[in-house]
Enquirer: 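Submitted below is the structure of interest, expressed as structure tokens.
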Amino acid sequence: MNRPSPHTTHPAAHRPHEPEHVNEHEPEHQHQHQHQHQHQHQAGDQSEILDLDAEVLAEHIASITAWLPVGTGPSRIVDLGCGTGAGTLALLERFPEAEVTAVDVSDVHLHRLREKAVAAGAADRVRIVRADLDATAWPELGAPELVWASASLHHMADPGRALRQVHDLLAPGGLFAVVELAGFPRFLPESAPQDAPGLEERCHAALDRHHAEHVSHRGTDWGPELAKAGFTVEGERTVTVDIGPTRTDAVGRYALSSLRRMRAGVASALTAEDLTAFDRLLDTDSPHGIVHRPDLGVRTERTVWAARRT
């Protein structure tokens with residue numbers, strides 16, 4: 001959401017040297033507890049794809065942070081729904097004098113972020129806060145000059161309320177950067193694979209229907225919503241990702257992990273023939289598997305809004 005390759009350093013060995021500002025913000029009612037438990041259950045599977053997304057799209061994420069109209073570099077930043085730290089690390093690199101408060105509900109994600117911050121030598125600039133952002137009251141996050149929310153607003157039960165909370169959180173004149181996904185990445189030409197041309201487009205159509213039902217805010221145009229919450233939208237930019245055919249290991253692992261996750265959401269909508277062709281793409285031992293294809297690439301878009309508290 002700037003991101004190094006995944007590391008395996010165990011953070012326990014480094015805790016004496018890092019700021020252990022972990023806020024165990026406990027939900028006050030059962031619904032929030034169940035929401036958090038479900039999120040934790042899914043987080044382990046998400047960590048790999050978040051790390052790969054960071055590695056493959058690092059250049060594009062860095063271009064977004066470079067575009068932000070911040071003027072004097074902020075000293076206090078909050079990353080809402082930080083995941084495994086893509087935005088956090090990008091912001092630390094972009095603003096070397098800043099400290100980032102990284103907020104997420106998942107202990108798994110925060111553990112991974114802590115490892116990556118230690119490996120990057122930036123642990124003393126990261127404050128980690130575990131909190132459910134669907135809660136009506138957020139923990140104390142200070143008065144940041146910049147708040148960053150990348151691909152996190154669409155997961156919130158009430159994004160409008162979250163926008164108002166961010167508006168009140170920001171220091172006067174502070175900036176809110178919202179990044180939204182245009183959709184699931186595409187990896188193959190439209191004519192591929194040979195035994196099921198157009199398979200990826202059919203999968204995307206099925207996935208769009210799935211998201212419309214289960215993640216209805218995904219792909220939202222946040223500009224009008226930001227204005228409703230009292231922000232002045234100062235800029236909007238769409239970043240186009242088009243990584244040509246490549247055989248790099250990271251791109252192959254990214255495509256494989258992404259398609260594995262996609263399968264769960266689209267399998268019931270595919271014909272038997274399409275499902276067979278899909279599973280062939282997932283076969284790492286097959287020369288037709290996605291990781292071995294010479295036409296493998298990455299195509300996607302992300303839109304960013306820069307909104308000012310005035």
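Side chains included, hydrogens not; waters and symmetry mates left out as well; all remaining heavy atoms used.
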Enquirer: Between Thr276 and Ala272, is there a donor-acceptor pair closer than 3.5 Å when you use the side chain of the first and the backbone of the second?
Expert: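 Yes, Thr276 side chain to Ala272 backbone: donor-acceptor pair under 3.5 Å.
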
Enquirer: With rounding to the nearest 0.5 Å, note down the distance linking CG in Leu226 to OG1 in Thr232.
Expert: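 Going from the CG atom of Leu226 to the OG1 atom of Thr232 covers 10.5 Å.
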
Enquirer: Determine the minimum heavy-atom distance between Thr240 and His60, stating which atoms define it.
Expert: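 Shortest heavy-atom contact: O-CD2, 3.9 Å.
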
Enquirer: With no hydrogens and no angle check, is any side-chain donor or acceptor of Thr220 less than 3.5 Å from a backbone partner on Trp222?
Expert: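 Answer holds: no.
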
Enquirer: What's the shortest heavy-atom distance between His292 and Ser286, and which atoms?
Expert: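 That closest heavy-atom pairing would be CD2-O, 3.0 Å.
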
Enquirer: Tell me if a side-chain donor or acceptor on Arg112 pairs with a main-chain N or O of Thr84 at a distance below 3.5 Å.
Expert: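 Absent.
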
Enquirer: With rounding to the nearest 0.5 angstrom, report the OG1 to CD distance, Thr238 to Glu301.
Expert: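 Nearest 0.5 Å value for the OG1-CD distance: 6.0 Å.
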
Enquirer: What do the steps show when you test Trp67 against Val239 for side-chain contact (heavy atoms from CB on, under 4.5 Å), and what is the final call?
Expert: CA-CA 11 Å; Trp67 170 81; Val239 176; over 6 Å; no

Enquirer: Whether Asp104 and Arg130 form a salt bridge (side-chain N of Lys/Arg under 4.0 Å from carboxylate O of Asp/Glu) is what I want to check.
Expert: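 A salt bridge is absent here (no side-chain N lies under 4.0 Å from a carboxylate O).
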
Enquirer: Hey, does the side chain of Arg202 reach the backbone of Leu270 with a donor-acceptor pair shorter than 3.5 angstrom?
Expert: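 Such a contact is absent between Arg202 side chain and Leu270 backbone.
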
Enquirer: Yes or no on salt bridge (Lys or Arg N to Asp or Glu O under 4.0 Å) for Asp134 and Arg161, after CA distance, side-chain angles and deciding distance?
Expert: CA-CA 9 Å; Asp134 280 338; Arg161 183 179 66 193; 5.1 Å; no

Enquirer: I'd like to know if the side chain of Glu145 reaches the main chain of Ser75, judged simply by a donor and an acceptor atom lying under 3.5 Å from each other, with no hydrogens or angles considered.
Expert: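 Pair found, side chain donor or acceptor close to backbone of Ser75.
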
Enquirer: So which atom in Leu141 and which in Arg127 form the shortest heavy-atom distance, rounded to 0.1 Å?
Expert: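 Reported closest heavy-atom pair: CA-NH1, 4.0 Å.
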
Enquirer: If you measure from OG on Ser106 to CG on Asp132, what distance do you get to the nearest 0.5 Å?
Expert: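 Between Ser106 OG and Asp132 CG, I get 11.5 Å after rounding to 0.5 Å.
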
Enquirer: Does any part of the side chain of Thr101, heavy atoms only, come nearer than 4.5 Å to the side chain of Pro144, both counted from C-beta?
Expert: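 The answer is no, as the side chains (C-beta and beyond) never meet within the 4.5 Å cut-off.
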
Enquirer: In the structure I gave you, are the side-chain heavy atoms of Leu181 and Thr303 within less than 4.5 Å of one another anywhere?
Expert: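 Side-chain contact under 4.5 Å: no.
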
Enquirer: How far apart are the C-alpha atoms of Arg253 and Asp249, what are their side-chain angles, what is the distance that settles it, and do they pass the salt bridge (Lys or Arg N to Asp or Glu O under 4.0 Å) test?
Expert: CA-CA 6 Å; Arg253 289 184 291 119; Asp249 177 63; 2.7 Å; yes

Enquirer: Compare all side-chain heavy atoms of Phe176 with those of Leu163 and state whether any distance is below 4.5 angstrom.
Expert: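 Phe176 reaches Leu163 side chain to side chain.
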
Enquirer: What is the ring orientation for His167 with Phe231, classed by angle as parallel under 30°, tilted 30 to 60°, or perpendicular over 60°?
Expert: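 It falls in the perpendicular class, over 60°.
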
Enquirer: What I want to find out is whether Lys116 reaches Asp51 closely enough, with some N-O distance under 4.0 Å, to be called a salt bridge.
Expert: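 Judged by the 4.0 Å cut-off on N to carboxylate O distance, Lys116 and Asp51 do form a salt bridge.
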
Enquirer: When you look at Asp279 and Arg263, which way does the side-chain contact (heavy atoms from CB on, under 4.5 Å) test go after all the steps?
Expert: CA-CA 9 Å; Asp279 287 340; Arg263 190 188 189 284; 2.6 Å; yes

Enquirer: If I compare all heavy atoms of Leu207 with all of Val266, which pair ends up nearest, and what's the gap?
Expert: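 Between these two residues, the closest heavy atoms are N-CG1, 3.8 Å.
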
Enquirer: Drop me the distance from Arg302's CZ to Ser150's OG, to the nearest 0.5 angstrom.
Expert: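 It is 6.0 Å, given to the nearest 0.5 Å.
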
Enquirer: Keeping the roles fixed (side chain from Trp305, backbone from Ala177), state whether a donor-acceptor pair exists under 3.5 Å.
Expert: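 Flag not set: sc Trp305 to bb Ala177 has no pair under 3.5 Å.
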
Enquirer: Is there a donor-acceptor contact under 3.5 Å from the side chain of Thr65 to the main chain of Ala62?
Expert: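 Flag set: sc Thr65 to bb Ala62 pair under 3.5 Å.
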
Enquirer: Please report the shortest heavy-atom distance between Arg309 and Leu170, naming the atom on each side.
Expert: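 So the two residues come closest at NH1-O, 2.5 Å.
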
Enquirer: Which heavy atom of Ile61 sits nearest to which heavy atom of Ala90, and what is that distance?
Expert: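 For Ile61 and Ala90, the tightest heavy-atom pair comes out as CG2-CB, 4.0 Å.
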
Enquirer: Identify whether the distance between the nearest side-chain nitrogen and carboxylate oxygen of Arg186 and Glu200 falls below 4.0 Å.
Expert: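 Result for this pair is no, no salt bridge flagged.
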
Enquirer: Output, in order, the C-alpha distance, side-chain angles, deciding distance and verdict of side-chain contact (heavy atoms from CB on, under 4.5 Å) for Leu50 and His109.
Expert: CA-CA 9 Å; Leu50 290 174; His109 290 167; 3.7 Å; yes

Enquirer: Hey, is the main chain of Gly173 close enough, under 3.5 Å, to the side chain of Arg308 for a donor-acceptor pair?
Expert: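 The answer is yes, because a donor-acceptor pair under 3.5 Å joins these two groups.
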
Enquirer: Could you tell me whether the side chain of Leu146 reaches within less than 4.5 Å of the side chain of Leu91, counting heavy atoms only?
Expert: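 SC-SC contact between Leu91 and Leu146 confirmed.
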
Enquirer: Can you tell me if Arg125 uses its side chain to pair, donor with acceptor, with the backbone of Leu92 under 3.5 Å?
Expert: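 At least one qualifying donor-acceptor pair exists.
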
Enquirer: Counting distance only, does the side-chain N/O of Arg299 pair as donor-acceptor with the main-chain N or O of Leu188 below 3.5 Å?
Expert: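 Side chain of Arg299 to backbone of Leu188: a pair is present.
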
Enquirer: With rounding to the nearest 0.5 Å, note down the distance linking CD1 in Ile290 to CG in Leu282.
Expert: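 Result: 8.5 Å between the selected atoms.
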
